2 protein chains.
Amino acid sequence: MTGAARPRPPTHTRDIARAAVRAELAHVAFELFSRDGFDKVTLDDLAAAAGVSRSTFLRYFGTKEDAVLAAYDGHDRRTADALRARPPAEDDWTALRRALDTVIERYHEDPAGSLATTRLVRETPALCARHLEKQHGWRPALAEALAERAGTPGDVTVGHTVRAAAALDCLNVALDHWTASDGRLDLVDLLDEAFAALTGA
Amino acid sequence: MTGAARPRPPTHTRDIARAAVRAELAHVAFELFSRDGFDKVTLDDLAAAAGVSRSTFLRYFGTKEDAVLAAYDGHDRRTADALRARPPAEDDWTALRRALDTVIERYHEDPAGSLATTRLVRETPALCARHLEKQHGWRPALAEALAERAGTPGDVTVGHTVRAAAALDCLNVALDHWTASDGRLDLVDLLDEAFAALTGA
DNA sequence: TGCGAATGTGACACTGAGTGTCACGTTAGC
DNA sequence: GCTAACGTGACACTCAGTGTCACATTCGCA
């Protein structure tokens, strides 16, 4: 019965400030990584460039990789929510394809920035690996959303998981080609093509 | 014109000995990891347990993770070869499914060992991540094999890549369920179910 | 307005992974 | 037997990531 149970204080001021600092740190980090290469930049470099201590930087981002990959935070929840919002009668593939529009949106909002980020991630083995790992974590959320759509929440079948995974593959492959084309190819077309290759083959 | 161009000396004795040492090191490492947990075991522990120096251990396996994941070496090449060996008329899905029998075989040869390895990998974030990364590297080889089957070697389409990726997902999801069932469920059935969820949905 | 607690930050020490280098001993080829 | 290549061990080094501590600021509350 101590005052331990206070997860959210009355004021959100701190949280807002914290988010702003986080964004600024991510920005500085991205600039350095792009200029010098991810591996060449040390945590000390980042801290110095951002004007904070190494400790502080690591408090905002647990790892060097996270400073870049934070850009993808929330994609899983948003996609899962979009999936749940699709008409219940819609088949899984269509629902997944439409849910991914939520992700694609972000790329259309800032094509140049998205392209630069994607390119950095794909070209840096450490980032690529960590991104793969994080994205792998999206799978359960999507599979669960599919199970809910099927009217059996909590009962995630092999099928739900496989389809969720395949949909993420489609996204990745489409992004690979989009990046390789320097953003000239249409992301929507690429994603449609990827899904088509899956459903009708 | 110096004697630099001699990639393979007359005798293979060294290579054979090297492979044996490598296998022994992997075995010792696996025992330690299983007993104490991957993260608790340091490179010094491994070296001491194997009776070699830390340097030597790192020469055989570039990273701690590789000492475990070396078990999967060659799976990509074998699967791609199996894919190329399938009848040209066979559709991609069937060919992929059959090619994965090559991988499944290994699990039937030593179910207990495979189960232990798979479990260790899935339960250890660092191993899971590294495995994901390595397996991601199989994709191009499989996609290229599909392109060759299509009579267009070198021309890897979005479809080839997506189907290769999806097939690997099927393998992973099937293995997840197999591991979760302590090896009681049939791996072949699980893999069939995964592919079925993909092709007919 | 002032007090106390929580919180953000910096400084520091520490562990452990991975890299590179060098010297030594063994082994293989001639 | 001589020589060159190779495997190994012993270091030293960099850097990521963790944990701890003290200090300062800020917020909640009286």
Side-chain angles (χ1 to χ4, degrees), chain A residues 2-25 28-29 32-33 36-70 124-127 129-130 133, chain B residues 2-25 28-29 32-33 36-70 124-127 129-130 133:
Chain A
T2 64
R6 189 164 25 137
R8 179 95 345 182
T11 54
H12 292 230
T13 318
R14 286 177 189 272
D15 303 86
I16 294 169
R18 195 176 167 80
V21 172
R22 196 176 146 91
E24 174 62 15
L25 292 183
V28 170
L32 273 192
F33 291 153
D36 303 336
F38 183 82
D39 297 323
K40 301 279 182 209
V41 181
T42 69
L43 283 172
D44 284 321
D45 295 335
L46 290 175
V52 298
S53 72
R54 209 176 67 105
S55 313
T56 298
F57 193 93
L58 279 171
R59 272 188 204 104
Y60 279 90
F61 302 104
T63 68
K64 229 171 56 158
E65 287 85 357
D66 282 344
V68 176
L69 300 176
T124 309
L127 284 172
R130 183 85 183 100
E133 189 187 357
Chain B
T2 65
R6 190 166 23 138
R8 180 95 343 184
T11 54
H12 293 228
T13 318
R14 284 178 191 271
D15 303 87
I16 294 169
R18 198 176 165 80
V21 173
R22 196 175 146 91
E24 174 62 16
L25 291 183
V28 170
L32 272 192
F33 291 153
D36 303 336
F38 182 82
D39 297 323
K40 302 280 181 208
V41 181
T42 69
L43 282 172
D44 285 321
D45 294 336
L46 290 174
V52 297
S53 72
R54 209 176 68 106
S55 314
T56 298
F57 193 93
L58 278 171
R59 272 190 204 102
Y60 279 90
F61 302 103
T63 68
K64 228 170 58 157
E65 287 86 357
D66 281 345
V68 175
L69 300 175
T124 309
L127 283 173
R130 183 85 183 98
E133 188 189 358

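Just so it is clear, the structure is predicted and the values come from calculations on it, not from any experiment. Proteins come first, then strands; the chains are lettered A, B, ... in the order of their sequence lines, and each starts at number 1.
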Checklist entry - Base, sugar-phosphate, or nothing: which does B:Leu58 touch, judged by heavy atoms less than 4.0 Å apart? => result base
Next on the checklist: At 4.0 Å (heavy atoms only), tell me whether B:Val41 reaches a base, stays on the sugar-phosphate, or touches nothing.
Outcome noted: sugar-phosphate
Which atom pairs link the protein and nucleotides 19-23 of chain D when you take only N or O atoms and keep those under 3.5 Å?
none

Checklist outcome for this item: Side-chain atoms of B:Val52 come closest, of D:dG9, C:dG18, D:dG17, to D:dG9
Item to check | Contact under 4.0 Å: A:Tyr60 side-chain N or O vs C:dT9 OP1/OP2 | outcome: yes
Checklist entry - Which of the following nucleotides, D:dG17, C:dG8, C:dA17, is nearest to the side chain of B:Arg54? => result C:dA17
Checklist outcome for this item: Students should find that the end-to-end axis angle of the helix from C:dT1-D:dA30 to C:dC30-D:dG1, with five pairs defining each axis and rounding to 10 degrees, is 20°
Checklist entry - OP1, OP2 of C:dT9 versus side-chain N and O of A:Thr56: anything below 4.0 Å? => result no
Checklist entry - CZ of A:Phe38 versus C1' of D:dA16: gap in Å, rounded? => result 10 Å
Item to check | Rounded distance (Å) that lies between atom P of D:dT14 and atom NZ of A:Lys40 | outcome: 15 Å
Checklist entry - For the side chain of B:Leu43, counting heavy atoms from C-beta on, which of C:dA11, D:dA16, C:dA17 is nearest? => result C:dA17
Item to check | salt bridge (Lys or Arg N to Asp or Glu O under 4.0 Å) partner of B:Asp66, chosen from B:Arg130, B:Arg59, B:Arg22 | outcome: B:Arg130
Item to check | Spacing of B:Arg22 atom CZ relative to D:dG7 atom P, expressed in whole Å | outcome: 14 Å
Item to check | 5'-most by nearest nucleotide on DNA chain D - B:Val21 or A:Asp39 | outcome: B:Val21
